[in-house]
Protein chains: 2
Amino acid sequence: MARAPRQADIAAAAGVSQTTVSLVLSGSTDGSRLAEATRQRVLAAAEQLGYVPDPVATRLASSRNRMLGVYTFATAFPTAVDGFYYPILAGIEAEAAALGQDLVLFTGTGGSGERPDHRAAIRRTRIADGCLFFGRHVPEEPIDWLLGDGFPLVYVGRRDELGGRIPFVGVDYVAASAEVVGRLAALGHRQIRYLRCGDDALSSTDREQGVLAALRTARLPVRRVVVRAEAEAVDAGLISRWVADGVTAVVVEETDTGDLSAAALAAVESAGLVCPRDLSLAVLGQPKDRPDVSGFEVPRWELGRRSVRLLVDQITGARRRTDQQLLACRPVPGSTVGAAPTAPRR
Amino acid sequence: MARAPRQADIAAAAGVSQTTVSLVLSGSTDGSRLAEATRQRVLAAAEQLGYVPDPVATRLASSRNRMLGVYTFATAFPTAVDGFYYPILAGIEAEAAALGQDLVLFTGTGGSGERPDHRAAIRRTRIADGCLFFGRHVPEEPIDWLLGDGFPLVYVGRRDELGGRIPFVGVDYVAASAEVVGRLAALGHRQIRYLRCGDDALSSTDREQGVLAALRTARLPVRRVVVRAEAEAVDAGLISRWVADGVTAVVVEETDTGDLSAAALAAVESAGLVCPRDLSLAVLGQPKDRPDVSGFEVPRWELGRRSVRLLVDQITGARRRTDQQLLACRPVPGSTVGAAPTAPRR
DNA sequence: CTGAAAGCGCTTACAG
DNA sequence: CTGAAAGCGCTTACAG
């Protein structure tokens with residue numbers, strides 16, 4: 001591979017020292033100003049040789065390289081849930097580009113391909129000026145090291161681990177979920193069921209918390225409202241039974257796969273029920289390709305952008321307090337929710 | 001930011017020279033073998049200190065850093081056409097992870113955020129061991145430099161520029177398109193229209209070439225078959241006129257946005273026509289969420305994987321001949337194509 | 001205003 | 001079997 005021109009080559013061509021070339025090219029207007037004639041000579045030679053600085057050497061010598069890491073514990077592009085991650089990645093990319101930063105995707109194992117050694121892989125992250133982290137589980141020890149070293153990092157999604165010291169940009173599922181249930185209560189619904197998945201991720205417990213809070217605010221019963229179920233268990237029979245019991249509104253958690261809400265929607269339909277005539281149905285999120293379903297919109301693209309912004313702020317030293325940000329969701333009115341029937345069903 | 005341990009620290013801890021540490025850690029079993037006791041001492045110290053090599057320094061000193069570049073001329077995650085790019089990126093990511101390589105996304109301008117300086121941005125690519133390129137247009141000069149320097153690079157998509165010296169992994173649109181038209185000819189269709197977009201990207205001209213080749217093979221007329229149109233111009237009136245003229249089959253180019261095929265599908269429907277009863281309709285590709293439409297499936301995920309594989313082969317020195325690969329598409333029978341009516345329409 | 005020198009953390013001949 | 005030394009291409013005090 002032929003050698004690319006370096007500062008030494010320019011120096012030789014322009015008849016100056018390599019130091020001078022570096023000074024001219026890094027464009028530090030401050031301090032010792034160089035003779036304009038020298039500057040021009042160096043610039044001309046650089047242009048002539050097609051010089052572009054070697055970012056590797058730059059990074060080694062200085063300590064910034066305008067590269068932002070993105071660390072995912074599983075796969076960066078999960079195909080099963082592409083609708084979920086793609087907008088976040090797109091937001092990250094857009095903001096990174098806007099700020100003139102490149103992105104390094106640490107695709108997990110960091111070399112060996114064998115059992116992922118998070119310690120090594122996460123350390124590798126230091127190649128960048130800072131790093132964004134994704135993933136349901138936080139590998140506390142290595143993250144703690146990074147944090148302790150002052151390495152700039154931001155989690156995409158809310159994180160409470162390590163005594164709340166992890167900077168993040170998350171989504172306010174609590175408020176958004178409470179808003180949805182509050183809407184139902186205002187419409188007169190008294191018998192509500194909340195269908196959630198079995199997994200206890202933060203995004204799940206946050207939603208449940210919002211649901212319960214809204215019920216309490218509306219002075220509605222809280223007992224027996226929450227039902228944990230896998231998508232396979234949600235069928236016409238279940239929904240029919242609820243309606244027979246007097247349930248007038250069902251709220252469904254939207255998970256990253258969208259399985260649960262899809263199952264609920266299908267169950268309602270195959271039970272021969274029509275929303276909102278027979279039953280009001282809301283989803284805590286927005287099911288794919290179903291803008292007609294009542295719920296809320298998770299600001300995924302914005303999540304990506306804001307995460308990058310926070311990370312860059314950390315790197316440049318700006319912003320030291322508001323290291324934990326929660327993004328609000330936009331309510332989606334939809335058409336699957338309506339007023340509760342005035343007469344009690346039987 | 002606290003300093004991460006380096007080889008010198010390990011050397012001090014283990015009571016050996018930094019050179020020895022490097023030798024042990026780079027695990028070169030070949031040549032001078034080190035005393036097992038020394039090895040163990042170094043390894044233990046490295047483990048104890050939580051050592052992970054600095055990839056920047058590694059890259060500067062040697063010339064590999066297990067990082068693969070991905071250079072996109074526009075935006076890496078175009079949201080408008082996410083269905084198109086996402087699978088490719090997912091494939092790239094999967095293969096990179098499988099091969100233990102990280103990915104560097106060069107998000108365009110490479111620093112300044114002003115007018116994209118492709119020269120500089122592309123040179124920046126050298127930070128990685130090799131680079132994947134995306135994009136309709138090839139900036140010939142900088143690519144030529146890279147090629148001349150022997151820098152490993154692979155285009156995602158077919159490329160004929162620079163005298164055919166650009167390595168690529170592309171899609172065989174010619175063969176896939178010919179297969180679709182051949183199918184129609186075999187079903188007795190004699191009057192066919194090919195609807196294509198106005199843009200002359202390689203993926204467009206390849207498809208047209210395939211269409212024409214198949215027509216010739218079937219000894220069908222070629223004149224007036226090809227119709228260039230924007231999506232907005234494709235309406236019920238156009239389709240109805242064609243059918244009135246005796247056209248029994250319409251073939252539509254699938255572009256990255258999917259606009260044209262969507263317009264054609266909508267036009268057929270609003271003309272009150274049913275496929276394949278009134279008209280056979282095939283798409284040169286696969287419209288989103290419409291597996292029922294006859295056409296072919298572009299192996300996008302595989303395209304990503306193969307591109308990475310070819311790039312890594314180039315980096316490691318394997319494979320020097322088959323630097324240009326074309327991937328076959330899987331035909332999608334679908335249900336929008338049927339036998340031509342035996343009696344000529346009028 | 002400009003240059004010689006050290007250093008960033010590694011690898012790689014080359015000696016011993 | 002192990003170490004001293006040079007070098008990868010930059011930046012950054014520090015002298016002149």
Side-chain angles (χ1 to χ4, degrees), chain A residues 1-12 14-43 45-46 49-67 111 123-124 126-127 129, chain B residues 1-12 14-43 45-46 49-67 111 120 123-124 126-127 129 149:
Chain A
M1 180 150 78
R3 237 198 40 227
R6 6 160 212 172
Q7 293 186 347
D9 299 324
I10 300 177
V16 297
S17 75
Q18 182 257 319
T19 303
T20 300
V21 173
S22 173
L23 256 21
V24 170
L25 295 181
S26 60
S28 44
T29 326
D30 47 280
S32 54
R33 197 163 295 122
L34 301 137
E36 186 56 24
T38 313
R39 252 178 55 79
Q40 294 306 338
R41 210 146 24 99
V42 170
L43 254 19
L49 293 173
Y51 174 80
V52 174
D54 179 339
V56 177
T58 305
R59 168 66 176 173
L60 187 59
S62 64
S63 41
R64 295 274 176 83
N65 59 7
R66 302 188 77 86
M67 304 208 313
R123 271 302 280 308
R124 208 176 143 72
R126 284 170 166 277
I127 202 178
D129 293 343
Chain B
M1 179 151 77
R3 237 197 40 228
R6 7 164 208 168
Q7 293 185 346
D9 298 324
I10 300 177
V16 296
S17 75
Q18 182 258 319
T19 303
T20 300
V21 173
S22 173
L23 256 21
V24 170
L25 295 180
S26 60
S28 44
T29 326
D30 46 281
S32 55
R33 199 163 292 120
L34 301 136
E36 188 56 24
T38 312
R39 251 178 55 79
Q40 292 308 336
R41 212 147 20 101
V42 169
L43 254 20
L49 294 173
Y51 174 80
V52 174
D54 179 338
V56 177
T58 306
R59 167 67 174 169
L60 185 59
S62 65
S63 37
R64 296 276 175 82
N65 60 5
R66 301 187 79 86
M67 304 208 311
R123 269 300 282 309
R124 208 177 143 73
R126 283 168 166 277
I127 200 175
D129 293 344
D149 287 354

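Chain letters run A, B, ... following the sequence lines, proteins first, then strands; residues in each count from 1.
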Gap between atoms CZ and C1', on B/R41 and D/dG3 respectively (whole Å)
14 Å
Write down the distance between CD (B/Q40) and P (D/dC1), rounded to a whole number of angstrom.
15 Å
Output yes when at least one side-chain N/O atom of B/T20 is less than 4.0 Å from OP1 or OP2 of D/dG3, else no.
yes
Taken to the nearest 0.5 Å, the spacing of B/Q7 CD from B/T20 OG1 works out to 10.0 Å
Would you classify B/V16 as touching base, sugar-phosphate or nothing, given that sugar-phosphate means primed atoms plus P, OP1 and OP2, and contacts are heavy atoms under 4.0 Å?
sugar-phosphate
Reckon A/T19 has a side-chain N or O less than 4.0 Å from the OP1 or OP2 of C/dG3?
no
Do the side-chain N or O atoms of B/S17 get closer than 4.0 angstrom to the phosphate oxygens (OP1, OP2) of D/dG3?
yes
Distance check: side-chain N/O of A/T38 vs OP1/OP2 of C/dT2, anything under 4.0 Å?
yes
Measure the distance from CD on A/Q18 to P on D/dG7 and round it to the nearest whole Å.
14 Å
Taking CG from B/L60 and P from C/dG7, how many angstroms apart are they, rounded to a whole number?
17 Å
Quick check: closest heavy atoms across A/A14 and A/A45, and the distance to 0.1 Å?
CB-CB, 4.2 Å
If I take atom CG in residue B/L25 and atom C1' in nucleotide C/dC10, what distance separates them, rounded to the nearest angstrom?
11 Å
Whichever of B/D54 and A/G15 has the more 5' nearest nucleotide on DNA chain C, that residue is A/G15
For the pair made of CG in A/D9 and P in D/dC10, what is the distance, rounded to whole Å?
9 Å
Between B/Y51 and B/V21, is any pair of side-chain heavy atoms under 4.5 Å apart?
no
Any-strand Watson-Crick or G-U partner of D/dC14, both distances under 3.5 Å
C/dG3
To the nearest angstrom, the CD-P distance between B/Q7 and C/dC8 comes to 13 Å
Against A/I10, only a single residue in A/V24, A/V16, A/V42 fulfils side-chain contact (heavy atoms from CB on, under 4.5 Å); can you say which?
A/V42
Of the listed nucleotides (D/dT12, C/dC10, C/dT12), which one gets closest to any side-chain atom of B/A57?
C/dC10
Nearest whole angstrom, please: distance from the P of D/dG9 to the CZ of B/R59.
11 Å
Nearest to side-chain heavy atoms of B/Y51, which nucleotide of C/dC10, D/dC8, C/dT12
C/dC10
What is the distance from atom CZ of A/R59 to atom CZ of B/R59, rounded to the nearest 0.5 Å?
15.5 Å
